Amino acid sequence: MALQIIQQGHNTVLKGLENFDIKSILECGQCFRWDKNGENDYTGIVKDKVARIVQNGSSAVFHDCIQQDFVDLWYKYFDMETDYKGIIDSISINDPIMKTASDFAPGIRILRQPLFETLITFIISANNSIPNIKRVVARLSKMYGSSLLYEGKEFYKFPEPAALANATLEEISMSKAGFRSKYIKKTAIEFNSNPLKVDDLKSIGYAEAKNTLMKYNGVGAKVADCTLLFCGAYTNAFPVDTWVKKIMEELYLKKDMSLRKIGEYADNKFGELGGYAQQYLFYYARSNM
DNA sequence: CCACAGGACGGCT
DNA sequence: AGCCGTCCTGTG
């Protein structure tokens, strides 16, 4: 059944969802601005829109969301045009490990998040835990992002590059970003004076795009790959963190290997679909290992 | 109190 | 190229 998008009063209702599980999507470690209200019930902010999403099987309700907002923002954000069933079939055939990992969470989708926000939040993710990353991002947004009301509650947009570029290091440090505070400030200054767009990254090719991002202070190979993958620029980006290293070594490689070599192995094995493979593996590893 | 988890960087070999 | 100490905050 094809996806149906229906406006019902103030809400937008989706029916016929396939490979869409809101819990897997929002808790697989790719985003930091969503909060759980209850089972399959989340509220979050992207750009200047807040959404409360409640999923029930193959249906989901976007509360206080007109159909036009769904089409303009959320459809792209949730990567609705991509055929995830086809991707899973393609990477799982002749690969029982990937079959197990994708069967564990076939409803994962890779979000297409705003570039500057993705870059800064993954700088914050360096040597950090997901709950702490969320707290730091929430503090920065409250300090430097404009506020908006949704269902009577105040939400804060992710800061504009200029707001973080003009902040002092002492102020940014109050977010408790720790040693990453100076990375945030330097990168915001650089980005603000020479703004980068997703299309710029797409036009120069994966290797050059990764090099470009790694010039920012606080951005190594892993953060660069996360940014390229989660802003929707390159689906072949395969970020190797400690969890992916662990699961790749245990299930595929059967020996210790450097982060760089694991990345090369994945590139050969998964190619253009590496980013999807990485997400199934990462979520499976974090939940089961 | 201590041990540990989580990546980038810079200095070293 | 690879190894290792340091950076900061929070949790057990």
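Every value quoted in this text rests on a predicted model; they were computed, and no experiment measured them. Here is how names work: the chains are called A, B, and so on, in the same order as the sequence lines, proteins then strands, and each is numbered from 1.
A:Phe122 comes within 4.0 angstrom of nothing in the nucleic acid, heavy atoms only. Among the protein residues, A:Val219 comes within range of the sugar-phosphate backbone only, with heavy atoms under 4.0 Å from sugar or phosphate atoms but none that close to a base.
Nucleotides of DNA chain B lying under 4.0 Å from heavy atoms of chain A occupy a range whose first and last members, 5' to 3', are B:dG6 to B:dC9.
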Could you pull out every donor-acceptor pair under 3.5 Å between side chains of residues 219-234 of chain A and any protein atom, sequence neighbours left out?
from, atom 1, to, atom 2, distance (Å)
A:Asp225, OD1, A:Tyr206, OH, 2.6
A:Asp225, OD2, A:Lys210, NZ, 3.0
A:Thr227, OG1, A:Val223, O, 2.8
A:Tyr234, OH, A:Leu201, O, 2.6
A:Tyr234, OH, A:Lys202, O, 3.1
A:Tyr234, OH, A:Gly205, N, 3.0
A:Tyr234, OH, A:Gly205, O, 3.3
A:Tyr234, OH, A:Tyr206, N, 3.4

Please tabulate, one pair per line, all N/O donor-acceptor pairs under 3.5 Å involving side-chain atoms of residues 281-289 of chain A, not counting sequence neighbours.
from, atom 1, to, atom 2, distance (Å)
A:Ser287, OG, A:Tyr283, O, 2.8
A:Asn288, ND2, A:Tyr284, O, 2.9

Could you go through residues 92-106 of chain A and list every donor-acceptor pair under 3.5 Å that involves a side-chain atom there, pairing it with any protein atom two or more places apart or in another chain?
from, atom 1, to, atom 2, distance (Å)
A:Ser92, OG, A:Ile88, O, 2.8
A:Ser92, OG, A:Ser102, OG, 3.2
A:Asp95, OD1, A:Ile97, N, 3.1
A:Asp95, OD1, A:Met98, N, 3.0
A:Asp95, OD1, A:Tyr252, OH, 3.2
A:Asp95, OD2, A:Tyr252, OH, 2.8
A:Lys99, NZ, A:Asp103, OD1, 3.2
A:Lys99, NZ, A:Asp103, OD2, 2.8
A:Thr100, OG1, A:Pro96, O, 2.9
A:Ser102, OG, A:Met98, O, 2.8
A:Ser102, OG, A:Lys99, O, 3.3

For residues 158-167 of chain A, run the donor-acceptor check on the side chains, cut-off 3.5 Å, and write out each pair with its distance to 0.1 Å, sequence neighbours left out.
from, atom 1, to, atom 2, distance (Å)
A:Asn166, ND2, A:Ala162, O, 3.0

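By the 4.0 Å N-to-carboxylate-O rule, A:Asp35 lies close enough to A:Lys134 to be salt-bridged with it.
Along DNA chain B, the nucleotide nearest to A:Arg286 and the one nearest to A:Gly218 differ in position, and the one closer to the 5' end is contacted by A:Arg286.
A donor-acceptor pair shorter than 3.5 Å can be found between the side chains of A:Glu27 and A:Tyr42. Checked by atom type, the side-chain pair A:Thr82/A:Asp79 shows a donor-acceptor distance below 3.5 Å.
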Are any protein N/O atoms closer than 3.5 Å to N/O atoms in nucleotides 10-12 of chain C? If there are, list each pair with its distance.
from, atom 1, to, atom 2, distance (Å)
C:dG10, O3', A:Arg135, NH2, 3.2

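Residues from residues 177-186 of chain A with heavy atoms under 4.0 angstrom of DNA chain C, sorted by number: A:Gly178, A:Phe179, A:Arg180. Against DNA chain B, the stretch residues 246-258 of chain A makes no heavy-atom approach under 4.0 Å.
Axis deviation across the helix from B:dC2-C:dG12 to B:dT13-C:dA1 amounts to 40°, comparing end segments of five pairs, rounded to 10 degrees.
In terms of modelled atom types and a separation under 3.5 Å, the side chain of A:Thr12 and the main chain of A:Cys65 share a donor-acceptor contact.
With sequence neighbours excluded, no residue forms a salt bridge (charged side-chain N to carboxylate O under 4.0 Å, His left out) with A:Asp83. For A:Tyr280, the ring-ring contact (aromatic ring centres under 6.0 Å, His included) test picks out no residue, with sequence neighbours left out. Judged as a salt bridge (charged side-chain N to carboxylate O under 4.0 Å, His left out), and not counting sequence neighbours, A:Asp241 has no contacts.
At most 12 non-hydrogen atoms from other residues, nucleotides or ligands lie less than 6.0 angstrom from NZ of A:Lys186. Residue A:Asp200 qualifies as enclosed at atom CG: its count of foreign heavy atoms under 6.0 Å is above 12.
When the P atom of C:dG2 is taken as reference, atom NZ of A:Lys245 falls 12 Å away, rounded to whole Å.
Side-chain rings of A:Phe20 and A:Tyr84 stay apart, their centers remaining 6.0 Å or farther from each other.
Taking hydrophobic clusters as Ile, Leu, Val, Met, Phe, Trp and Tyr residues chained together by side-chain heavy-atom distances below 4.5 Å, A:Met143 does not share a cluster with A:Ile189.
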